[in-house]
Participant: 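One structure follows; several queries about it will come next.
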Amino acid sequence: MRDESATHARLPVWRTDGLADRLAAYLTDQMREPVAVSALKRFTAGLSWVTVLFVMHPSSGGVREAILRIGDPNGLLAPYSTLPEYLTFTTLNAETAVPVPRVLWHSDDPATFGAPFLIVTRLRGETLLPRWPGAETEVPYPHAKQVTEDFATHLAAIHGCAWRGTPIEALTPGATVETCTHREIDRWSMHAAGPSGGLEDNAMRYAAGWLHAHAPKSDEVVLLHGDYRVGNFLVDDGRISGLLDWELTHLGDPHEDLAWAAMRTFGGTRTTLSGLLDLQAFQERYTAASGRQVDQHRVRYFQVLGQFKMASMLVGTEQRLRNGDLHDIRLAVMVLQKATTLMGMLKMIEIAA
């Protein structure tokens, strides 16, 4: 006889029956008045958190749009917690002008939606997508200059956030200039290892050892976005109106964000960020806004770490695929990139060395 409860447990959290009803019930309880929910729309571009736009209708009036984000237990970066984004958004909203959403409600309790979730304000704008190699002959992006300046200025503001003594300290407790990068290597080593407790791939073991052996001592520990790149911000009327996807935020060396933004994995070239924004202009503007010089040797090191993270994601995804836990065909297809990602990582180590 078929086990219906087991089948239901393996369904994607965002597709389980009654999402709108459960959302309305949760909001009614939180707002202490009847709340109706309408116009649910899932954004399909992301590969990590499930993101659903909806409209809330409190009985007292004041209809407004909001965003529900659910940390799929079998998503790319699982397991998820709402704490990093909640702490970061709360602090940045209080201390800076960085355009991030405001958290309305959040919880790691799976009782409501089957997984950790946040409900945040909606930011206006459209996502700017990377331009992949081979598309360089296309018409230049008309807002490239201003968006490049905004992208660099916002990163400088994030890195300049006075996080000591704020809730952000809890992101990476005890992080120091000596330990922050080593802790990030260990974090992704654990992600690749999964429940087995050991790195299964010789290339990953070798890369982890190389990264530890060559990790530079940071000049300072700053707040990092963790996934700062084209594709993770909104543009409205030619200006960046929102910075998205903060699930990898942590404390570390500022070059980690600078290197990630320029990764070839995201369509970057020797001269561009994701084939769209000028790399040199971005780094020069960042230096002017932050007062920090960009060390190209460190950028190359952190790009190796970035490739190690990408490989770790694919290793972890492959494990879930083998266990029959994946329900997103895009992630299953991504696993096919594991071999080329590992080969690219080893080549990057050769070049960096």
Participant: Exactly one of Y80, W49, Y26 should register a ring pair (Phe, Tyr, Trp, His ring centres under 6.0 Å) with F117. Which one does?
Facilitator: Y26
Participant: Counting only heavy atoms not in Y141, do more than 12 sit closer than 6.0 Å to its OH atom?
Facilitator: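 Enclosed.
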Participant: CD of E65: more than 12 outside heavy atoms within 6.0 angstrom?
Facilitator: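 Counting other residues, nucleotides and ligands, CD of E65 exceeds 12 neighbours.
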Participant: Out of W246, Y228, F151, which residue meets the ring pair (Phe, Tyr, Trp, His ring centres under 6.0 Å) rule with F233?
Facilitator: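 The residue from W246, Y228, F151 that satisfies ring pair (Phe, Tyr, Trp, His ring centres under 6.0 Å) with F233 turns out to be F151.
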Participant: Do L23 and I119 make a side-chain contact, defined as non-hydrogen atoms from C-beta onward lying under 4.5 Å apart?
Facilitator: yes
Participant: Linking I/L/V/M/F/W/Y whenever any side-chain heavy atoms sit under 4.5 Å apart, do M310 and M345 land together?
Facilitator: yes
Participant: Report yes or no: do Q146 and D150 form a side-chain donor-acceptor pair below 3.5 Å?
Facilitator: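 Present: a donor and an acceptor within the cut-off.
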Participant: Are there more than 12 heavy atoms of other residues, nucleotides or ligands under 6.0 Å from atom CZ of F89?
Facilitator: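 Yes - once you tally the heavy atoms of other residues, nucleotides and ligands closer than 6.0 Å, there are more than 12.
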Participant: Tell me whether the count of non-hydrogen atoms from other residues, nucleotides or ligands lying under 6.0 Å of CZ in R330 goes above 12.
Facilitator: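 Counting other residues, nucleotides and ligands, CZ of R330 exceeds 12 neighbours.
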Participant: Just so I know, are the side chains of V100 and T88 near enough to count as touching, which here means a heavy-atom distance under 4.5 Å?
Facilitator: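 Side chain of V100 against side chain of T88, heavy atoms only: no contact under 4.5 Å found.
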Participant: Between W188 and E184, is there a side-chain donor-acceptor contact under 3.5 Å, judged purely by atom types and distance?
Facilitator: yes
Participant: Tell me every residue that passes side chain to side chain contact (heavy atoms under 4.5 Å, CB included) with V177, counting only those two or more places apart in sequence or in another chain.
Facilitator: K217, S218, V221
Participant: Is there a path of hydrophobic side-chain contacts, each under 4.5 Å between heavy atoms of I/L/V/M/F/W/Y residues, joining V335 to L342?
Facilitator: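 Yes.
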Participant: Decide side chain to side chain contact (heavy atoms under 4.5 Å, CB included) for L234 and R124; before the verdict, give the C-alpha distance in whole Å, the side-chain angles of both, and the deciding distance to 0.1 Å.
Facilitator: CA-CA 7 Å; L234 300 174; R124 296 292 172 180; over 6 Å; no
Participant: Any side-chain donor-acceptor pair under 3.5 Å between R205 and N202?
Facilitator: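 Short answer, yes.
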Participant: Just by distance, no angles: are the side chains of E95 and T166 close enough, under 3.5 Å, to form a donor-acceptor pair?
Facilitator: no
Participant: Hey, are R69 and D245 close enough for a salt bridge, meaning a charged N less than 4.0 Å from a carboxylate O?
Facilitator: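 So R69 pairs with D245 through a salt bridge.
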Participant: Tell me whether M204 is reachable from L321 by hopping between hydrophobic residues (I, L, V, M, F, W, Y) whose side-chain heavy atoms are closer than 4.5 Å.
Facilitator: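 Yes, L321 connects to M204 through the hydrophobic network.
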